[in-house]
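Report on one structure; see the data block that follows.
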Amino acid sequence: GNSVTQMEGPVTLSEEAFLTINCTYTATGYPSLFWYVQYPGEGLQLLLKATKADDKGSNKGFEATYRKETTSFHLEKGSVQVSDSAVYFCALSDRSNAGNMLTFGGGTRLMVKP
Amino acid sequence: DTGVSQNPRHKITKRGQNVTFRCDPISEHNRLYWYRQTLGQGPEFLTYFQNEAQLEKSRLLSDRFSAERPKGSFSTLEIQRTEQGDSAMYLCASSSGGVYGYTFGSGTRLTVV
């Protein structure tokens with residue numbers, strides 16, 4: 001079956017520090033990969049996506065590269081801000097499934113201190 | 001367009017009672033999904049609709065759970081004879097298909113006491 005594993009949090013960083021949140025996946029087919037972010041009290045928001053190997057998704061200074069050889073999709077940001085404090089979820093959608101259901105990792109809480 | 005709307009935001013119920021949640025998707029989206037998120041975990045798929053047809057259900061969706069989407073517009077998720085293990089955030093999402101991700105609502109938090 002499909003599964004997503006991401007590093008456990010919380011991850012605590014000082015403002016302007018470099019961020020990496022690791023994500024690896026197992027999929028029976030050829031998945032699309034996503035990062036979602038959940039701010040306190042809000043729903044999940046799509047942060048970025050990649051649909052094929054070596055694609056780089058990027059948004060708001062965050063980046064992630066689809067690495068098929070290592071089955072990974074690590075999230076990075078060069079300089080975090082206090083406003084980036086949230087829970088980040090890695091997810092995949094198996095395109096062999098017509099419904100495009102998402103399989104999520106367990107989430108990683110990021111706390112950025114001023 | 002105000003995005004995906006879910007009501008109520010919070011629900012506290014006694015064990016054994018029935019509860020119903022509502023989701024109003026983005027109007028032009030033909031797909032609607034329900035997910036459940038327990039504390040400290042990622043969301044887990046429950047079921048999805050394309051228009052009014054319920055096309056897939058997870059094994060997580062026991063026979064106490066039922067979902068409908070009459071006329072392919074809003075959807076309801078009912079839980080009968082609630083149990084403490086049903087306490088979770090219930091998330092609704094909609095999409096127009098494809099691999100571009102969904103738009104999620106803010107969720108309904110259910111607490112069974």
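The chains referred to below are lettered A, B, ... by the order of the sequence lines, with proteins before strands, and numbering in each begins at 1.
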Joint hydrophobic cluster, A:Val87 plus A:Phe73, side-chain heavy atoms closer than 4.5 Å: no
Minimal non-hydrogen separation, A:Phe89 against B:Gln41, with atom names: CE2-O, 3.8 Å
Exceeds 12 heavy-atom contacts within 6.0 angstrom, atom CD of A:Glu8: no
Neighbour count above 12 (heavy atom, 6.0 Å) for B:Arg15 CZ: no
A:Leu44-A:Tyr39 co-clustered via ILVMFWY side chain contacts under 4.5 Å: no
Other residues, nucleotides, ligands: >12 heavy atoms within 6.0 Å of B:Gln80 CD: yes
Atom group of B:Glu44 that falls short of 4.5 Å from chain A, counting heavy atoms: neither
Side chain to side chain, A:Gln45 and B:Thr103, heavy atoms closer than 4.5 Å: no
Derivation of the side chain to side chain contact (heavy atoms under 4.5 Å, CB included) call for B:Gln37 and A:Gln38: CA-CA 12 Å; B:Gln37 184 179 16; A:Gln38 188 172 36; 3.4 Å; yes
More than 12 heavy atoms of other groups within 6.0 Å of A:Glu16 CD: no
Spacing of A:Leu46 atom CG and B:Ser95 atom OG [to the nearest 0.5 Å]: 11.5 Å
A:Asn100/B:Tyr48 under side chain to side chain contact (heavy atoms under 4.5 Å, CB included): CA gap, chis, key distance, verdict: CA-CA 10 Å; A:Asn100 289 325; B:Tyr48 101 96; over 6 Å; no
Aromatic contact, B:Phe104 with A:Tyr36 (centres under 6.0 Å): yes
Greater than 12 external heavy atoms within 6.0 Å of B:Leu55's CG: yes
Portion of B:Leu91 that has a non-hydrogen atom of chain A nearer than 4.5 angstrom: side chain
Structural part of B:Arg9 lying under 4.5 Å from a heavy atom of chain A: side chain
Pairwise side-chain contact, A:Leu102 with B:Tyr35, heavy-atom cut-off 4.5 Å (strictly under): yes
